Q: 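Take a look at the following structure, please.
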Amino acid sequence: NPQEKKFKIGFSQCVTNDAWRKTMQEEMFRELSFYPDLSLEIKDAQGNNALQIEQILEFQRQGVDLLIVSPNESSPITPIVEEMYQSGIPVIVVDRKINSNLYSAYIGGDNYEIGITAGQYIKNLLNGKGSILEIWGLRGSSPAKERHRGLMESLEGSEIKIVSQIDGEWEKDTARIRLKEYLLQANAPGFDLVFGHNDVMTIGANEIARELNLPSKIFVGVDALPGPYGGIQAITDGVLDATFFYPTGGDKAIEVAAKILAGDSFEKENILQTAAVDASNIRIMKQQTDRIINQQSSIFRQMEMIESQLKIYKSQRGLLIVFGITLFIA
Ligand code: FRU
């Protein structure tokens with residue numbers, strides 16, 4: 001019950017309907033179980049900047065003690081985050097950035113580094129020569145811009161060209177629809193490799209390529225999420241050739257929130273490690289992530305058991321007190 005907790009955390013999440021965001025939120029709740037003083041409420045901005053601003057203001061009216069925010073797009077969300085921070089609410093920015101440093105802490109993977117590493121990886125795969133079709137995440141969001149910038153920089157001076165760019169806006173269906181439209185144009189240039197800013201869009205591109213019987217292509221994505229529809233499985237199935245692990249930082253966000261609320265010292269910039277995943281390391285990655293998934297679900301089962309034990313204990317204690325009072329009066 002959030003009313004009984006000492007500190008209220010509000011999390012303004014840009015979207016919640018994909019597996020990567022769900023993983024982030026699960027990590028948060030798992031970590032939260034270590035801090036009985038903290039409650040967490042998530043509001044879903046559904047990819048809508050105006051709604052996200054509205055929801056952040058609502059958190060302020062509710063009197064949250066700390067705000068976590070994953071901004072849908074940087075520019076529209078920057079002023080409201082600055083305003084919250086300047087009003088004295090500690091703000092933790094996760095995954096997507098704002099255009100200013102008026103926040104308490106940032107937590108996320110290094111997207112520029114992912115772009116650079118992806119570029120090097122692609123240069124190797126294509127032996128320094130070839131053509132790329134790039135599928136963009138939402139243009140106004142920082143991971144899309146940084147992944148693109150890193151890629152461009154590491155391809156500089158090579159004979160690899162980005163011949164087409166599609167706006168997938170981070171969504172599998174959008175990527176599928178736009179790619180299909182694009183490929184059905186008579187004069188669409190050919191390409192050797194698809195680089196998608198995330199795995200779901202890249203997996204969608206592979207589906208369309210097969211549907212249209214394109215000659216075989218290479219598919220490189222980002223996220224490397226475990227689970228049946230994630231990048232780890234897609235590498236195992238040969239649907240993706242490579243992906244780059246992009247941690248959600250959900251657990252770290254709660255850890256830093258707890259430090260801030262306790263008045264402990266904390267790092268402002270928390271940059272999480274990324275890594276390439278492909279056929280060469282997929283077996284070990286799959287083993288590890290399967291193990292984590294199992295452990296995660298047993299942690300959740302344990303949390304539920306503790307909750308229900310606590311409820312039984314509380315109702316029994318209530319009964320005992322009533323019983324005691326009755327005895328006393330008698
Ligand atoms: C999930 C997602 C990820 C991507 C991240 C970028 O909503 O689209 O696939 O890596 O957001 O912010």
Side-chain angles (χ1 to χ4, degrees), residues 11-28 42-49 51-52 68-78 81 92-99 106-115 117-118 134-151 166-176 178 194-206 219-227 229-235 239-240 242-250 252-253 270-277:
F11 176 24
S12 168
Q13 173 75 301
C14 50
V15 283
T16 58
N17 63 355
D18 63 73
W20 192 86
R21 300 280 156 190
K22 290 194 176 116
T23 304
M24 179 194 268
Q25 291 159 201
E26 274 171 20
E27 282 177 18
M28 287 180 159
I42 301 175
K43 292 192 201 289
D44 176 4
Q46 298 164 32
N48 179 329
N49 298 317
L51 183 60
Q52 185 159 36
I68 302 177
V69 52
S70 188
N72 186 51
E73 290 184 283
S74 310
S75 300
I77 305 302
T78 298
V81 171
I92 300 179
V93 179
V94 292
D95 154 53
R96 301 185 187 174
K97 296 177 178 166
I98 56 167
N99 297 333
Y106 171 79
I107 292 150
D110 189 334
N111 286 300
Y112 172 69
E113 182 66 29
I114 286 181
T117 323
E134 182 179 12
I135 305 179
W136 275 74
L138 202 57
R139 297 245 178 189
S141 67
S142 64
K145 287 188 243 180
E146 292 177 356
R147 287 171 195 179
H148 172 77
R149 186 164 58 89
L151 177 77
I166 303 276
D167 282 308
E169 300 178 0
W170 299 122
E171 304 277 347
K172 181 177 186 177
D173 287 344
T174 310
R176 280 175 52 107
R178 301 236 167 109
V194 173
F195 175 61
H197 288 184
N198 72 6
D199 286 342
V200 288
M201 297 190 297
T202 319
I203 292 168
N206 184 314
F219 293 89
V220 178
V222 180
D223 280 346
L225 205 70
Y229 308 107
I232 299 282
Q233 189 60 46
I235 299 268
V239 169
L240 293 182
T243 178
F244 296 84
F245 173 60
Y246 184 57
T248 70
K252 186 77 189 170
N270 301 270
I271 307 303
L272 309 170
Q273 290 285 315
T274 66
V277 182

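Each ligand, and each atom within it, is numbered from 1 in the order the structure gives. On a predicted model such as this, the values are computed, not experimentally measured, just so you know.
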Q: Taking all heavy atoms of Tyr106 and all of Lys97, pick out the closest pair and write down the distance.
A: CE1-CG, 3.6 Å
Q: Asp18: which residues meet the side-chain contact (heavy atoms from CB on, under 4.5 Å) condition with it, sequence neighbours left out?
A: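 Result, side-chain contact (heavy atoms from CB on, under 4.5 Å) vs Asp18: Val15, Trp20, Arg21.
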Q: Any salt bridge linking Asp167 with Arg139? Criterion: basic side-chain nitrogen under 4.0 Å from a carboxylate oxygen.
A: yes
Q: Between Glu113 and Thr274, do the side chains contain an N or O donor and an N or O acceptor separated by less than 3.5 Å?
A: no
Q: Give the residues near ligand 1 by chain and number, with the criterion being a heavy-atom distance under 4.0 Å.
A: Val15, Asp18, Trp20, Arg21, Asp95, Arg96, Pro143, Arg147, Trp170, Asn198, Asp223, Tyr246
Q: Would you say that Tyr246 contacts Arg147 through its side chain, given a criterion of any heavy-atom pair below 4.5 Å between the two side chains?
A: yes
Q: What is the minimum heavy-atom distance between Ala118 and Phe195, and which atoms define it?
A: CB-CE1, 3.8 Å
